[in-house]
Amino acid sequence: MTPSPRTPPRLWAGAVLAVVLLQAVLRFPGRPRDMGIGTFLLLPIELPIILLALLILRAWWLRAAVVTGATGVLILRIADIGTFQAFSRPFNPALDLHLLVSGWDLLSSSIGRAQALALIAAAVLAVGAVAAALWWALSALVRLRGVARRAAVAVSALLLVAGLAGLAVPRAPVTADLIPETARRLGRMTDAVRDLRAFAAELPQDDVGQPGFAALRGRDVIVVFVESYGRSFVEDAPFAPAAQDRLRAVEARLAEAGWHARSGWLTAASRGGQSWLNHGTFLSGLWVDGQARYDRLMTSERRSLNRLFGQAGWRTGAVMPAITLDWPEAAWFGYDVTLDAAGLGYRGQPFEWVTMPDQYTLTALDDRLRGTERVMVEAALITSHAPWTPLPRILPWEEIGDGSVFDGSHRDGDTPREVWADPDRIRTQYALALDYSLEVIGQWVARQPEDALIVVLGDHQPAQLLTGPDATADVPIHVMSRDAALLDRLPDNIFGPGMIPSPDRPAQRMDAMRAVFATEFEDAG
C-alpha cells in the first residue's frame, strides 16, 4: 500500500491562519471599550460551523461567500467604532451613509487632506489585505490531505458540539455573535421604518395653538446654540474647574450690567454631532433623534418655534456661519431672513473648518438683523467645533467691523495635525475653544443696550474622545434678561438661578422647550 503523501507545511500554516483570521473577524468588537484580549478569547459558535462547511463541501463559492461575509462584518464593525466614538451609538446603514461626507470634511480639516486620504487608503488596504489573506488561508485549509482534513473536521465538530451543549472550551468560553448581530442590525433597520411611521403620526398633533408671547412684547428673542457645549464640560474632569470659573465670571459680568440668568439641563437628541437634529428637536417640540425623522419633519406642516414667533408679529432670522451650501431646509423653519456663511459678509480668514469666529458672528447678528423691528433670531456659534485650533483672540468689539481684522493674525494654537496627535492636547484645545465662546457670549450680552430674552444652550455633548463612553446626552441651557420677573416665569423644575446649573436639578428633554415658550410667556402678567 502506498503511504499517503505528507501534508505540506504551507497548508498547515494556511489552516492555522484561517482559524485565527476568522476568530479575529468574528470577535472584532464594534465598541472601542470592548477592544481587549478577553474579547478575542471568546469562541464564536459560528467558527466551527464555518470550518465544518468549508472542509466538507470544499466549494470555491462557499469560500467566496465566507470571505465576502467576513469582510462585510469587519467593515461594519469598524463603522460601529467610528459612530460610537462620534455619536455614542452603533452604525445604521439605513440612516448613516450621509455622514460619510461630513466625516471626510472633519477628518481632512483636522489632520490635512493628504493625511486623511492616506489614512483612508491605509484602512482600505488593510481590509483588502485581510480579505486576500483569508482567501489564501481558506484555500489552503480545504486542500488539507487525508488524515489532516479528517482531524480538522473532528476538532471542528467537537467545538460545535461543545458550543451547542453550552460547555466551556478551556480558556475560550463559547459565545454566539454573528447571527444575533445580523438580527439586531436588520431589526434596527426595520425599527427605523416603524419609528418613522410613528413620528409621522405625531407631526400634526400640536396643542400649543397660536401663542401671542405677550410677555415678550417689545423684546428681541435670541436663541444661541453653542457647538459641543455639553454637561461634561461643566461637571467632569479635567474641564469642570476652568468651566465653572468662566461661568461664574460671566455671571458676575452680567450682574454688573444689570442682567439676570437662570440655568438648567436639557437632554439632547444626539451626542457628538448632528447639531441639526437638536435644532429641529428644540424648535419643533418633537424628538428628532435621527436623519429620517429630520427629513420627514422638513416636509411637514409642523410649525417651528421660529414660525410661531413670526405669526405673532416678530421678524424671524437665522445666523448660520457653518452653512456653506444650499440649505433648502430653511424653508421649514420659517425665517424671514437667512444669513448663511456667505450672507454674513465675513471678510476675514477662516479658522480651519470654522468659517468665522463667534465674536464676528454675534457682531453681524446685531448689525444685520436687529433694529427698530422686534426680531426672533436663531444663531449657531461654531468656534467650539472640532478641530478647536487655531483659536481667535478676543478683540475690542469696535474693531470687529467686517471681520477683515482676522487676516491670519489674532489667532493662537498649533496646527490641527499637531494637536490631534495627542489626546491630552485635544482636550485642552476643546476646553480653550469653549472658554472663548462663553467669554464672548458674556461680553456680548453685557454690551446689549436694551432688554431682550437671550437663550444660550449647547447643541450636543462632544464626542466620546472627550466625554468617555458613559456620558449623558445632557447640555446646559441659560436664559438671560434684564427683567428678573420675566425669568421667574420659567419652571422651577427646569431652571435655577445663576449661570451654573445645579447638579441635582433633573434634565428635561430638549423637545419640551417649545411648549415652555408657548405657555410661560403667553400672558402679559
Side-chain angles (χ1 to χ4, degrees), residues 79-80 83-84 86-102 183-211 223 225 230 265-311 316 318 320 323 326-335 378 380 457-461 472-475 477 494 507-519:
D80 281 344
T83 53
F84 267 112
F87 309 122
S88 301
R89 60 172 176 78
F91 178 74
N92 188 332
L95 303 176
D96 291 337
L97 290 177
H98 72 282
L99 295 176
L100 293 175
V101 174
S102 299
R184 285 194 298 271
R185 289 188 187 276
L186 291 174
R188 283 197 294 268
M189 296 172 70
T190 303
D191 289 345
V193 175
R194 285 198 296 264
D195 176 74
L196 189 56
R197 291 196 187 115
F199 182 70
E202 290 181 65
L203 285 169
Q205 300 174 15
D206 191 356
D207 56 2
V208 302
Q210 177 50 64
V223 177
F225 289 88
W265 304 110
L266 297 180
T267 300
S270 73
R271 310 181 193 199
Q274 296 183 280
S275 307
W276 57 92
L277 302 183
N278 297 309
H279 287 235
T281 295
F282 185 93
L283 296 163
S284 72
L286 294 173
W287 193 245
V288 187
D289 61 349
Q291 189 63 37
R293 282 188 165 222
Y294 184 83
D295 291 342
R296 181 65 184 86
L297 176 66
M298 294 298 104
T299 63
S300 75
E301 295 183 1
R302 178 86 174 190
R303 294 171 300 164
S304 69
L305 183 62
N306 323 67
R307 193 177 294 278
L308 291 176
F309 269 98
Q311 292 172 348
T316 60
M320 298 292 163
I323 301 295
D326 289 340
W327 189 34
E329 294 88 345
W332 177 83
F333 288 93
Y335 309 122
E378 173 196 354
L457 70 155
D459 58 358
H460 53 69
Q461 283 266 49
T472 70
D474 297 348
V475 299
I477 179 171
I494 303 178
Q508 303 294 314
R509 291 202 337 176
M510 195 176 278
D511 55 342
M513 293 309 298
R514 177 175 175 268
V516 169
F517 272 86
T519 56

Quiz item: Can you name the residues that form a side chain to side chain donor-acceptor pair (under 3.5 Å) with Arg307, not counting sequence neighbours?
Solution: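 Here no residue qualifies.
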Quiz item: For Thr267, which residues count as a side chain to side chain donor-acceptor pair (under 3.5 Å) partner, sequence neighbours excluded?
Solution: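 Scan of Thr267 (side chain to side chain donor-acceptor pair (under 3.5 Å), adjacent residues dropped) gives Asp474.
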Side chain to side chain, [X] and [Y], heavy atoms closer than 4.5 Å:
X      : Y      : value
Met510 : Ile477 : no
Trp276 : Met298 : no
Trp327 : Phe333 : yes
Val223 : Phe282 : yes
Gln274 : Tyr294 : no

Which atom names give the shortest non-hydrogen contact between [X] and [Y], and what distance separates them?
X      : Y      : answer
Leu308 : Pro211 : CD2-CD, 4.1 Å
Ala515 : Val208 : CA-CG1, 4.5 Å
Gln461 : Thr472 : NE2-O, 3.0 Å
Ala200 : Pro204 : O-CD, 3.4 Å
Ala268 : Val475 : CB-CG1, 4.4 Å

Only counting residues at least two apart or in another chain, list the ones meeting side-chain contact (heavy atoms from CB on, under 4.5 Å) with [X].
X      : answer
Gln205 : none
Glu202 : Phe199, Leu286, Arg293
Ala269 : Asn278, Thr281, Trp287, Asp289

[atom1] of [X] to [atom2] of [Y]: how many Å apart, nearest 0.5 Å?
X      : Y      : atom1 : atom2 : result
Asp459 : Leu457 : CG    : CG    : 7.5 Å
Leu277 : His460 : CG    : NE2   : 9.0 Å
Gln508 : Met513 : CD    : CE    : 9.0 Å
Arg296 : Leu203 : CZ    : CG    : 5.5 Å

Practice problem: Please confirm whether the backbone N or O of Gly334 pairs with a side-chain atom of Thr316, one donor and one acceptor, at under 3.5 Å? | Solution: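 It does hold such a pair.
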Exercise. Look only at the side chain of Trp332 and the backbone of Arg302, and say whether a donor-acceptor pair between them is shorter than 3.5 Å.
Key: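 Looks like yes, one N/O pair under 3.5 Å.
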Quiz item: Is the CD atom of Glu301 crowded by more than 12 outside heavy atoms at less than 6.0 Å?
Solution: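 Count not over threshold, so no.
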Practice problem: Could I get the full list of salt bridge (Lys or Arg N to Asp or Glu O under 4.0 Å) partners for Arg514, not counting sequence neighbours? | Solution: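 Testing Arg514 for salt bridge (Lys or Arg N to Asp or Glu O under 4.0 Å), a comparison that skips the adjacent residues, returns Asp206.
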Exercise. For the pair Phe225 and His279, name the ring-plane relationship: parallel under 30°, tilted 30 to 60°, perpendicular over 60°.
Key: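 Parallel.
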